[in-house]
Amino acid sequence: MTTQQEFIDKYQPDPIGFGCEVLDTKREHVWPKMVEMAESVRDYQKTCVFAGHGVSKTYTLARIALWFLFTHKPSTVITTAPIFDQVEKLLWKEIHTAHSQAKIPLGGNLTKTQLDIDPEQKWFAYGFSTKADTVTGEATRMQGYHNKYVLIIFDEAAGIPAAIWKATESLLTNPNCKIIAVGNPTSANGSFADCEDDPTWHFIRISVKDTPNFKTGEEIIPEISGRAYEEMIRRKYGEESNEYGIRILGRKPDYSQGTYLGAGCAKAEAEGRIGSICVDLTAPVYRIWDYGNVYNAIWFVQFLKEQIRLVDFYYDGEGLGLPKYALILQNKSYIYGGDYAWPDLWGSNAKSGQTGQLTINVAKGLGINFQPIEVCSVQDRIESARGIMDKCWFAPAAAEGFTGLKGWRQRKNEALSTPDKPVYFNEPVKDWTRHVGDAFSHLAVLYRTMNIMGEVIGKQRQDVPIRHTPKEKPGTTRTFRRSA
């Protein structure tokens, strides 16, 4: 009779052998990318897999989870996905199937999303979701899963919040603690997208064209994609489309699905409008704010020769307050032409959280004279933002803001979305990119409604009154002559 240690010694170095000899995997259904995934978890601490649709990633992940759990004593396996249905009805359904059909009884107490072997040794597997309303608690709990051996599995990894990614860092304390992140690369930015170029991750790409079904033109393995699916996506979207890249090639898109300005940002990058201009120190710089008691974003913009030049950007997520902002602004060597903010600064955000005084009065005392932007609907603001993208050029100092614009996006309805058809709520994701995008949309409305265009844009030469520079005292005025 094989002892537990002999069992571990035999199968710990052989995840595919475990799948075929202990679990339910058929040898004829093993293919190179399945082997590559399993052996990467064995050999590397961090594995990232960009996968097309229908390439048996969930099937393989489930068997990797069981291999790690039963061949590493004691071990903790944690699986997560954006919504609970993805946890319970996809990955853990496969775990149940593989466990129940194992050729060698594995034992343990298996429930819907937990498999206990020896709770006293923290020897168990557990699955949970990371939806927005639970992410803070789950991130805190994630940090507590320490053991001799740990495996973290991110399924549908593009949808895992940044807080969960960050929380896993505290678990990767030694080479025996590992992570594998797998999913369709639906986002151009974010923690999952960034893994491709991060040398600390072992990166794998699985295309539909890698599957035995595609290579042979026959259904070698049931339920995985082949030539019919590839042809359908190619005919519907074209080989150069983001959809084909994501679903067939496992390639991250030029811009993320659901982003408000993704296409415009990608075009700006392709046309060389990012990081290719500098500040004209003789021209006025306007400051466009998304102001709040905690979160603040400021775009610094010049309007020159039909160009909208985003020359600088500032973001604060800590609520540092107007005195701090005034100091930062004064230390920049720009000629300032005006400060503009959304009308809620005269409404819901009228009072300063620090002083209880009217924000506009506190700001005026610090040399910041806010002027309101015309009110319009959220959708009008978004359309205005899209409408100015072709005119926008971004200086190197505005790089952080441009990154925020690329990530400004609608909140995804995970419950209703399918791999082929994402569904979104009519509201943005509530992270820092929302404030970046709001400030940019304020700029767009200002441009559209010509609140400052009549003063500056389209005139060959004009004297424009400009408030004090950072080196002058508040209240100083002078005349700026704009050249053609």
Side-chain angles (χ1 to χ4, degrees), residues 4 7-9 11-19 22-23 25 34-49 51 57-81 86-88 90-96 98-99 102 106-108 110 113-119 121-130 138-139 141-157 160 164-183 191-192 195 200-204:
Q4 185 180 73
F7 180 87
I8 290 173
D9 290 343
Y11 290 114
Q12 190 177 97
D14 188 9
I16 295 300
F18 181 89
V22 178
L23 300 178
T25 303
M34 179 188 294
V35 176
E36 189 176 356
M37 277 180 64
E39 292 186 349
S40 179
V41 175
R42 181 194 65 190
D43 298 338
Y44 297 93
Q45 184 174 36
K46 298 162 71 176
T47 298
C48 171
V49 182
K57 62 181 181 62
T58 302
Y59 176 96
T60 304
L61 276 179
R63 282 134 187 101
I64 289 173
L66 290 172
W67 161 75
F68 192 92
L69 183 67
F70 285 97
T71 62
H72 296 75
K73 178 185 178 180
S75 59
T76 299
V77 176
I78 302 299
T79 85
T80 189
Q86 292 169 329
V87 176
E88 180 185 9
L90 296 178
L91 182 56
W92 276 82
K93 182 179 178 181
E94 283 291 347
I95 289 174
H96 276 257
H99 186 272
L106 293 172
L110 179 61
T113 57
Q114 188 156 341
L115 175 53
D116 288 319
I117 300 176
D118 187 345
Q121 296 188 68
K122 297 188 293 185
W123 195 358
F124 68 93
Y126 172 63
F128 66 90
S129 65
T130 54
E138 295 294 3
R141 193 197 309 185
M142 175 75 80
Q143 295 171 332
Y145 292 120
H146 293 280
N147 207 346
K148 183 178 180 180
Y149 300 100
V150 175
L151 174 63
I152 305 296
I153 295 176
F154 284 176
D155 196 11
E156 302 300 340
I160 303 293
I164 300 296
W165 285 84
K166 186 174 180 60
T168 62
E169 295 174 2
S170 66
L171 298 179
L172 302 177
T173 54
N174 66 72
N176 294 327
C177 300
K178 306 193 175 195
I179 180 172
I180 178 169
V182 183
S191 302
F192 185 52
C195 291
T200 67
W201 288 79
H202 183 242
F203 179 77
I204 299 170

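Position 1 is the first residue of the sequence; numbering continues from there.
Rounding to the nearest 0.5 Å places OG1 of Thr200 at 8.5 Å from CD of Gln45. Going from atom CD1 of Ile180 over to atom NE2 of His202 covers 10.5 Å, rounded to the nearest 0.5 Å. Atom-to-atom distance recorded for Asp118:CG and Lys73:NZ is 8.0 Å, nearest 0.5 angstrom. Rounding to the nearest 0.5 Å places CD of Gln4 at 10.5 Å from CG of Asp9. Atoms SG and CG, from Cys177 and Leu172 in turn, are 7.0 Å apart once rounded to the nearest 0.5 Å. Rounding to the nearest 0.5 Å places CD1 of Ile64 at 11.0 Å from NZ of Lys178.
Taking the side chain as every heavy atom from C-beta outward, Ile16 and Tyr11 never approach each other to under 4.5 Å. Counting heavy atoms from C-beta on, the side chains of Phe124 and Thr76 come closer than 4.5 Å. Taking the side chain as every heavy atom from C-beta outward, Val77 and Tyr149 never approach each other to under 4.5 Å. Contact check for Phe192 versus Cys48: side-chain heavy atoms found under the 4.5 Å cut-off. Contact check for Leu106 versus Leu23: side-chain heavy atoms found under the 4.5 Å cut-off. Here the side chains of Trp92 and Leu110 are in contact, with some heavy-atom distance below 4.5 Å. In this structure, the side chains of Phe68 and Ile153 stay at 4.5 Å or more apart for every pair of heavy atoms. You'll find the side chain of Lys166 reaches within 4.5 Å of the side chain of Glu169, heavy atoms only.
In plain terms, the two heavy atoms of Trp165 and Thr168 that are nearest each other are O-OG1, 2.6 Å. When all heavy atoms of Thr47 and Trp201 are compared, the closest pair comes out as O-CZ3, 3.3 Å. Nearest heavy atoms, Asn147 versus Gln121: ND2-O, 3.5 Å. Across all non-hydrogen atoms, the minimal contact from Ser40 to Ile204 is CB-CD1, 3.9 Å. Smallest separation of non-hydrogen atoms from Asn176 and Lys148: CB-O, 3.4 Å. In plain terms, the two heavy atoms of Thr25 and Arg63 that are nearest each other are OG1-CD, 3.7 Å.
Panel note: side chain Thr130, backbone Ala81; a donor-acceptor pair is recorded below 3.5 Å. For the pair Thr80 (side chain) and Phe128 (backbone), a donor-acceptor distance under 3.5 Å is present.
Look at Lys57 and Glu94 and you find no salt bridge, because none of the NZ, NE, NH1 or NH2 atoms lies under 4.0 Å from a carboxylate O. The pair Asp14-Arg42 fails the salt-bridge criterion, with no side-chain N (NZ, NE, NH1 or NH2) lying under 4.0 Å from an Asp/Glu carboxylate O.
Screening Ile179, Leu151, Ile152 for a side chain to side chain contact (heavy atoms under 4.5 Å, CB included) with Ile78, the sole residue that qualifies is Ile152.
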Stepwise, does the side chain to side chain contact (heavy atoms under 4.5 Å, CB included) test hold for Thr79 with Asp155?
-> CA-CA 7 Å; Thr79 85; Asp155 196 11; over 6 Å; no

Can you list the steps and then say if Leu66 with Leu115 is a side chain to side chain contact (heavy atoms under 4.5 Å, CB included)?
-> CA-CA 10 Å; Leu66 290 172; Leu115 175 53; 3.8 Å; yes

Would you sort out whether Ser129 and Val87 count as a side chain to side chain contact (heavy atoms under 4.5 Å, CB included), showing the intermediate values?
-> CA-CA 6 Å; Ser129 65; Val87 176; 4.3 Å; yes

How far apart are the C-alpha atoms of Leu171 and His146, what are their side-chain angles, what is the distance that settles it, and do they pass the side chain to side chain contact (heavy atoms under 4.5 Å, CB included) test?
-> CA-CA 6 Å; Leu171 298 179; His146 293 280; 3.8 Å; yes

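Taking the six-membered ring where tryptophan is involved, the planes of Trp67 and His72 are perpendicular, since the angle between them exceeds 60° and thus also 30°.
More than 12 heavy atoms of other residues, nucleotides or ligands shown are found within 6.0 angstrom of CZ on Phe7.
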